[in-house]
Participant: 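What follows is a structure written as structure tokens; I'll ask about it next.
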Amino acid sequence: MKPKAKRSPSQLEACWKEKDLISGRVSDAMVVIMRTNGCCWAKTGGCSMCGYRTASLTQVTEDDLNRQIDEALSRYEGEPFVKFYTSGSFLDENEIPATVRERIFKEFSGCERILFESRPEFVTSEVLVTIPKNATIALGLESSDPEILDVSINKGFTPEDSRRAGILIGEHGLMVRTYLILKPLFLTESAAMDDTVRSALFADGFSDEISINPLNIQRGTLAERLWRAGEARSPWIWSLIEVLRRLSGNVGARLMSSPSGGGTARGVHNCGKCDGDALDAVERFSFSQNINDLEVSCGCIGAWQTYIEAERILGTASDLDRGFDNDLALGCEKDGRI
Ligand code: SF4
Ligand SMILES: [Zn+2]
């Protein structure tokens, strides 16, 4: 077997271009994934679905981070929106020291919008006054249910912690994007949809945008272990569409979803034939907020309804597809769909 290439701490993990919105206008965006010393919470075990523990390094210096910024600048083509992710918290000084943060803000001061993510414990007034007003801070609330946050996700903070952080960010004139997970471990499709709807209504009180992330099975996680054992399944795309439908018109925040691993066995998926169309519909809706853009049809919608009913009767959140057609599920892996 070929040995794995060593990842350099002075190189970005990834950098790509995509579209996003600025004040309702579709704009070019650059996404920068930085290599840092990693999420403090991941080091103590981390969230059940998060594979970032394996993505983090341990000895990333300030010099390394500055070289990563140089690399980001060399890729930058004037996109008005730049997003910085660190596989952790941008506001954690152990990942991004204040001096590096300041440099990023200075270098990208011409952007209309800049976005980064943080756990709520790093969101303080002392830090917020140092952040430019074009910034959006993303909060990984995941669920507004304290028990789900604790037992299914092992998030290490409470919904109230996120609310406090969100309100404080708003008071400092900055925007909030809240991430919610659809179908964390141990929840059926039906319970997962209800949870995400409730969570979005909770987040709406302090969020400008709500982004729904369907469970994506990442390597080296508890979620992967249960998934391999047939005890977890990423949600159907129909469930995601249903959640967006239920929320449309009922929240002030912009609703969006850009699923990782969509259409694969590890990510949100339907029957395989309609996945592309269904995911396109979600993307169109994320930009337009027009519920009509969620219109898409396929015969497997009946299978989804039956699946929900079967989960209810059997009282289980295990992967029923796997139980009934093991060859099909394993075939996905052979096909390279995971
Ligand atoms: S999901 Fe976020 S908070 Fe949880 S372990 Fe991963 S990076 Fe850390
Ligand atoms: Zn289908």
Side-chain angles (χ1 to χ4, degrees), residues 13 33-57 84-92 94-96 116-123 137-143 148-159 161-162 165 177-182 184-185 189 211-224 234-242 260 262-265 267-282 294-307 321 325 328 332 337:
E13 181 69 25
I33 314 284
M34 296 184 75
R35 286 182 179 158
T36 69
N37 288 324
C39 172
C40 60
W41 182 244
K43 285 175 191 156
T44 69
C47 302
S48 60
M49 70 299 177
C50 177
Y52 288 165
R53 198 171 10 152
T54 49
S56 299
L57 301 171
F84 283 93
Y85 293 101
T86 69
S87 310
S89 293
F90 186 87
L91 296 180
D92 178 356
N94 284 318
E95 289 194 60
I96 306 283
F116 52 84
E117 187 175 11
S118 181
R119 284 177 63 90
E121 60 262 40
F122 301 111
V123 176
I137 302 183
L139 297 172
L141 165 67
E142 316 294 7
S143 169
I148 291 174
L149 211 51
D150 183 26
V151 179
S152 296
I153 305 174
N154 189 38
K155 196 74 204 186
F157 57 72
T158 67
D161 293 332
S162 284
R177 175 177 291 186
T178 294
Y179 291 121
L180 301 178
I181 187 168
L182 174 64
L185 298 177
E189 294 283 324
S211 178
I212 298 172
N213 291 325
L215 176 69
N216 178 38
I217 308 291
Q218 297 180 8
R219 290 179 198 279
T221 60
L222 174 63
E224 186 185 49
S234 300
W236 291 68
I237 308 173
W238 296 126
S239 297
L240 174 60
I241 288 176
E242 173 66 17
S260 303
T264 71
V268 64
H269 62 280
N270 282 349
C271 68
K273 291 193 201 98
C274 64
D275 293 31
D277 287 348
L279 290 168
D280 285 350
V282 169
L294 291 172
E295 284 306 322
V296 53
S297 64
C298 178
C300 75
I301 200 157
W304 168 66
Q305 286 159 343
T306 306
Y307 190 99
D321 280 348
D325 192 350
L328 179 68
C332 293
R337 286 178 62 206

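Order of appearance sets the numbers: ligands from 1, and atoms from 1 within every ligand.
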Participant: For the pair F116 and F90, name the ring-plane relationship: parallel under 30°, tilted 30 to 60°, perpendicular over 60°.
Facilitator: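 Ring orientation, 0 to 90° scale: parallel.
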Participant: Could you report the tightest heavy-atom contact between G88 and C39, atom names first, then the distance?
Facilitator: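 Taking every non-hydrogen atom into account, CA-CB, 3.7 Å.
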Participant: With the threshold set at under 4.0 angstrom, would you say K155 reaches ligand 1 through any of its heavy atoms?
Facilitator: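 Checking ligand 1 against K155, which is what was asked, there is a heavy-atom contact under 4.0 Å.
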Participant: Determine the minimum heavy-atom distance between S234 and I217, stating which atoms define it.
Facilitator: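 Result for this residue pair: OG-CG1, 3.7 Å.
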Participant: With a cut-off of 2.8 Å, which protein N/O/S atoms are close to atom 6 (Fe) of ligand 1, if we only count those under it?
Facilitator: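 Atoms qualifying: C50 SG.
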Participant: Tell me, please, which residues at least two apart from E95 pass salt bridge (charged side-chain N to carboxylate O under 4.0 Å, His left out).
Facilitator: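 With neighbours one apart ignored, the set is empty.
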Participant: Work out which heavy atom in W236 is nearest to a heavy atom in C300; give both atom names and the distance.
Facilitator: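 So the minimum-distance heavy-atom pair works out to CZ3-O, 3.9 Å.
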Participant: Minimum heavy-atom separation for L279 to I237, with atom names?
Facilitator: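 Scanning both residues, the minimum pair turns out to be CG-CD1, 3.8 Å.
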Participant: Can you tell me how far the CG atom of L180 sits from the CG atom of L139, to the nearest 0.5 Å?
Facilitator: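 Reported value, rounded in 0.5 Å steps: 10.5 Å.
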Participant: What protein heavy atom sits nearest atom 3 (S) of ligand 1, and how far away is it?
Facilitator: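 Ranking protein heavy atoms by distance from atom 3 (S) of ligand 1, first comes R119 NH1, 3.3 Å.
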